[in-house]
Each structure stands twice: as structure tokens, then as C-alpha cells.
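Following: one structure in C-alpha cells, then a few remarks.
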Amino acid sequence: MTEPFGIALVGCGTVGGGVAKLLLEQGQRLAERAGRPLALRRVVVRDVGKARAAAIPANLIGAELQTALNDPEVQVVVELVGGTDWARRAILAALAAGKHVVTANKAVLAEHGTEVFDAARKHGRAVAFEACVMGGVPVVAVLGQSLAANQVLSLQGILNGTCNFILTGMSAQGRSYAETLAEAQQRGYAEADPTLDVDGTDAAHKLAILAQLAFGATVPVPSIDRRGIAEIHNLDIRFAQELGYTIKLLGEAWLDATTRQLALHVSPVLLRHLTLLAQVRGADNAIRITGDAVGETLLYGRGAGQMPTASAVVADLIDLAVGRAQRTFQAMKLWSGGPSNVVLRPSATVRSRFYLRLQVADRLGVMADVTRCLADHRISIASVVQHEAPEDHEEGTVPLVIMTHTALTEVFRAAVAALDRLGCIVSPSVYYPVED
Ligand code: NAP
Ligand code: HSE
């Protein structure tokens, strides 16, 4: 088949601009890979007059989605708008109009996957979404195809480039949270609303999609226990470093293959400095996937930004133009609403070691009160760090850091709540899981 594969780009900002560049500047290469030209037929944006990253012919640009949907020469709609309202309706309208859909919108798939995939099946079209998780790193293809022989047992991933960029800036360069977040936005890594990045929601969206691919589990996003990075203090980064750890925001899932229970969470985690995930810097992402046949695998690469994400989008376009994506889509039966073969397990029932930072009154008997409270909750202490009060400390208080032995998360949380009720604790305690 040599007739062009017609594409409508809906959204032409950071990612859409990169996709337009690849389509317009690498046409020859893409046509060779796809077996036919990938033709950019329409570009739908909000502001038609805005300057664009690629030299898009003016006659292709418009503000009306319907014009693209009515065009018989458009076979696929690429949704790169973001958000869950307009974008969801645009995706459903594209499928109803008989177009395939490529999207980088993890929020829509995580929150409306069943509706979107049911609509695609109803209209006999495919949805491809490699760019939704880990930007340019091909984790969707790996879980959906390359590791298909496995029962995945666990996933442990740095899934948000913005958070990793901020944490790297704070720990390696001693920069402030606000300064590094502003730079992540300026570089095009962050979501339009960066709260979604820093509060862990974006990573939870990605984890929900990974859970669908790896475990066939449709996990409601609100059921994923999540904490972001906004409360991480430079003090915690320094204490973690002193103890031999790096703080990373991880999305994790563990399957108990016997009971079929699946636990998931998004949380800052202390990782040993020398582990592979601890070494992942800047906007890079990485994921450790353990399968029952393959054992441990690690994928690593650029998790956000214009061209890495465009690389994933255009790979999906090539797959659709060749016809592979349609077959994969049919075979995988994602979000099909069938009975789930896993049961969600509250992450509070997971056992872990913990890093705990208390801001305590600098007076007699405080250490005894704290250790007694932990002992009452059967929490065993592995190490304690208390330095002379730093110069910038609150008058009469001092940070006290405790590393625990393994404890049940819900028991540990109860112990922290009890500690925070002690008169000697002057501000809410900070704690993160530790993985050795
Ligand atoms: P962006 O830079 O804000 O671009 C959004 C685009 O959507 C703009 O071109 C905007 O038009 C257009 N748009 C907004 N509302 C519209 C409407 N009602 N009708 C038509 N067009 C509309 O966003 P982005 O960073 O490229 O992200 C796009 C999607 O990719 C999001 O789902 C995001 O989560 C996902 N993603 C982003 C990255 C990344 O690194 N940035 C990585 C992976 C996935 P104007 O240009 O005229 O304003
Ligand atoms: N805002 C997202 C991130 C974009 O920083 O990871 C990639 O999905």
C-alpha cells in the first residue's frame, strides 16, 4: 500500500510541535519505515495566530476539530491537547468519525480508559498510547509485546520527569524547589498545571496505565495511595545523603502471585546511592520490571520533553500506517471490563523500612519519649541521627532522624500519629519508605 497515511494533529504545543517537526523534516525516513508517506493533513489548535515550532503550511492550521474529523483523507487523529474534558470528547468524536487515535494523554486513559477503549472497539478503530508513559522510553511496547510471555511480579519506576528534574537539582546542585520547578516548566517537561506533577497525580496516572498493561488490572486512580515531592525539604535530602540514600519519587506495584493481591503506590522513596534507579538524573525516567520468566529488566531514557515524546508518538503513527497497531490493539483487550484476575491490596498493608524526621524540642527526656512511643507500637529503630542544632534552626528545636527496621505501613503511620501528639514534637513529622 503506497497511498499516504493522513494525519490530523490536534494540539501543537510542546509535544505536537515536535511531532510536526518530525513529520515535516523527516518525511523520507518515516515513509521508508511505514511503507508509505505519513502526510500531515490538518493541525487543530486553540490560537491559529501563534508561532509554531515547525514550519507548518498555513493552510493546514485551523481551530475547528470538526473540519479534521470530516476530512476523508485523515485516517488518524493525534490528540496532544491535555486535560480530561475537551481532550476526552475530542478522542471520542475522532473514534466515532472512524479515525484511529494516537494520544500522549495519560490522564484521559487512566481516568476514562474503559470508555475510550470501548468506543474504539465499537467503531473498529485502534488507540495507540506509547507516549503516555515515560516519554520516549518504549515501556508500553515492552509490557504489551516484548514481555508478553511473563507474569509481571513487580514494577518500580521513576515515572515523572519533572519531579526527577527537581529532586536532582535540589540534591546534586543544592538548588531550590521553586527554581528547579520553574526551569522544568520552561523546558516543557511539566504539565500545564504542574500541581499534577509535584503532587504525584501524573505518576499515578502512569501507574494506572502500567497496571492495565502488566496485570490486566483496571485501577481507579483515587485508589492509588500517592504522595508527591512538594513537602520534601532540603534537610531530608541532606540527611538521606548522609545515611547513604537518594530520594526519588517512585511509582511501584507488587503482585503476590499466590493470593493475586496487587499493591500500588506513588511515593518519595529512599534508595541506596549505588542502585541503578538512584543514579537516574534530570528529566530521565527508568523502570525496573520483574517478570516470572525474564527476571529483572531495566528500561531507561528521557521521560519528558518535546522530541523524546514526539519520538513515541511518531512510532505509534508508523505502527498504525503499517497496520501492526490495529492487530496489537485487538489482541490486547485493554480496559475491556472483563473480570479482573487481581484484587487490590491497600498499600498500608505493605511492609517497609522507614526514614522518619521529627522536629523535637531540645530538652531533657525527649529521646526517651520518642523511643518509648515507637517501642509501644513495636517499631524497631535501626539508627538515630541528631546533630548539634544547625545555624538556621528554629529556636529551641532540633531535627531528629530515625531509620526503622521493617514495619507494617499502617502500624508505622499510627506510631507517627502518636508521636505527633507528644508535646515535644513541634511540627508534623516527615516520613518516607526506605528500599535497600
Ligand atoms: P502544551 O504545550 O500545553 O500544548 C497543548 C496544545 O493544545 C496547544 O497547541 C494548544 O493550542 C492546544 N489546545 C489547547 N486547548 C485546545 C482546544 N480546546 N482546541 C484545540 N487545541 C487546543 O501541552 P504539551 O506539553 O504538548 O502536552 C500535550 C499532552 O502530552 C498532554 O496530555 C501531556 O500530558 C502529554 N505529554 C506531555 C509531555 C511533555 O514532556 N510535555 C510528555 C508526555 C506526555 P495553542 O498552541 O493554540 O495554545
Ligand atoms: N509532565 C510529565 C513529566 C510529562 O514531567 O513526566 C511526561 O509525561
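In this text the structure is predicted, and so the values were computed from the model without any measurement. Quick note: numbers below take in every heavy atom, side chains included, and nothing from hydrogens, waters or symmetry partners. In each ligand, atom 1 is the first atom listed, and ligand 1 is the first ligand listed. Index from 1, following the sequence.
Between D85 and R89, at least one side-chain N (NZ, or NE/NH1/NH2) sits under 4.0 Å from a carboxylate O, which counts as a salt bridge. Between E25 and K21, none of the side-chain N atoms (NZ, or NE/NH1/NH2) sits under 4.0 Å from a carboxylate O, so this pair counts as no salt bridge.
The aromatic ring centroids of Y245 and F239 lie 6.0 Å or more from each other. The six-membered or imidazole ring of H265 lies near that of W254, with a centre-to-centre distance under 6.0 Å. Residues Y432 and F354 keep their aromatic ring centres 6.0 Å or farther apart.
What sits closest to atom 6 (O) of ligand 2 on the protein, heavy atoms only, is G161 N, 2.7 Å. The protein non-hydrogen atom at the shortest distance from atom 5 (O) of ligand 2 is T162 OG1, 2.6 Å. Protein heavy atom nearest atom 4 (C) of ligand 2, with residue, atom name and distance: Y189 O, 3.3 Å.
Here Y355 pairs with D236 under the side-chain hydrogen bond (donor to acceptor under 3.5 Å, both in side chains) rule; sequence neighbours left out. In this structure, the side-chain contact (heavy atoms from CB on, under 4.5 Å) partners of E111, at least two apart in sequence or on a different chain, are T84, H205, V221.
When heavy-atom distances to ligand 2 are checked against a 4.0 Å cut-off, K106 comes that close only through its side chain, counted from C-beta outward. At a heavy-atom cutoff of 4.0 Å, ligand 2 is contacted by the side chain of D197 but not by its backbone.
Geometric assessment of R227 against the ring of Y431 yields a positive cation-pi assignment under the 6.0 Å and 45° thresholds.
Within the structure, side-chain hydrogen bond (donor to acceptor under 3.5 Å, both in side chains) contacts touching residues 312-325 (residues at least two apart or in different chains) are D319-R324.
Listed by number with element, the atoms of ligand 2 under 4.0 Å from a non-hydrogen atom of E191 are 1 (N), 2 (C), 4 (C). Here is the list of ligand 2 atoms found below 4.0 Å of a heavy atom in N160: 2 (C), 3 (C), 5 (O), 6 (O). Within ligand 2, counting atoms from 1 as listed, the ones closer than 4.0 Å to a heavy atom of G303 are 7 (C). Against a heavy-atom cut-off of under 4.0 Å, K206 is close to the following atoms of ligand 2: 2 (C), 3 (C), 6 (O), 7 (C), 8 (O).
Every N/O-N/O distance between A304 and ligand 2 stays at or above 3.5 Å. Considering backbone and side-chain atoms together, N285 places no N or O closer than 3.5 Å to any N or O of ligand 2.
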Task: L277/E435 under side chain to side chain contact (heavy atoms under 4.5 Å, CB included): CA gap, chis, key distance, verdict - done: CA-CA 11 Å; L277 289 180; E435 292 179 14; over 6 Å; no
For each nitrogen or oxygen atom of ligand 1, which protein N/O atoms lie closer than 3.5 Å, and how far apart are they, rounded to 0.1 Å?
from     : atom 1 : to   : atom 2 : distance (Å)
ligand 1 : 2 (O)  : T14  : N      : 2.9
ligand 1 : 2 (O)  : T14  : OG1    : 3.2
ligand 1 : 9 (O)  : C12  : N      : 2.8
ligand 1 : 9 (O)  : G13  : N      : 3.0
ligand 1 : 11 (O) : R46  : N      : 3.3
ligand 1 : 21 (N) : R46  : N      : 3.3
ligand 1 : 26 (O) : T14  : N      : 3.3
ligand 1 : 26 (O) : V15  : N      : 2.9
ligand 1 : 34 (O) : K106 : NZ     : 3.2
ligand 1 : 34 (O) : E191 : OE1    : 2.6
ligand 1 : 34 (O) : E191 : OE2    : 3.3
ligand 1 : 40 (O) : G188 : O      : 3.3
ligand 1 : 40 (O) : G305 : N      : 2.7
ligand 1 : 41 (N) : G188 : O      : 2.9
ligand 1 : 46 (O) : K50  : NZ     : 3.3
ligand 1 : 46 (O) : R52  : NH1    : 2.7
ligand 1 : 46 (O) : R52  : NH2    : 3.3
ligand 1 : 47 (O) : R46  : N      : 3.2
ligand 1 : 47 (O) : D47  : N      : 2.7
ligand 1 : 47 (O) : R52  : NH2    : 2.9
ligand 1 : 48 (O) : R46  : NE     : 3.4
ligand 1 : 48 (O) : R46  : NH2    : 2.9
ligand 1 : 48 (O) : K50  : NZ     : 2.7

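No more than 12 heavy-atom neighbours from other residues, nucleotides or ligands sit within 6.0 angstrom of CZ on R281.
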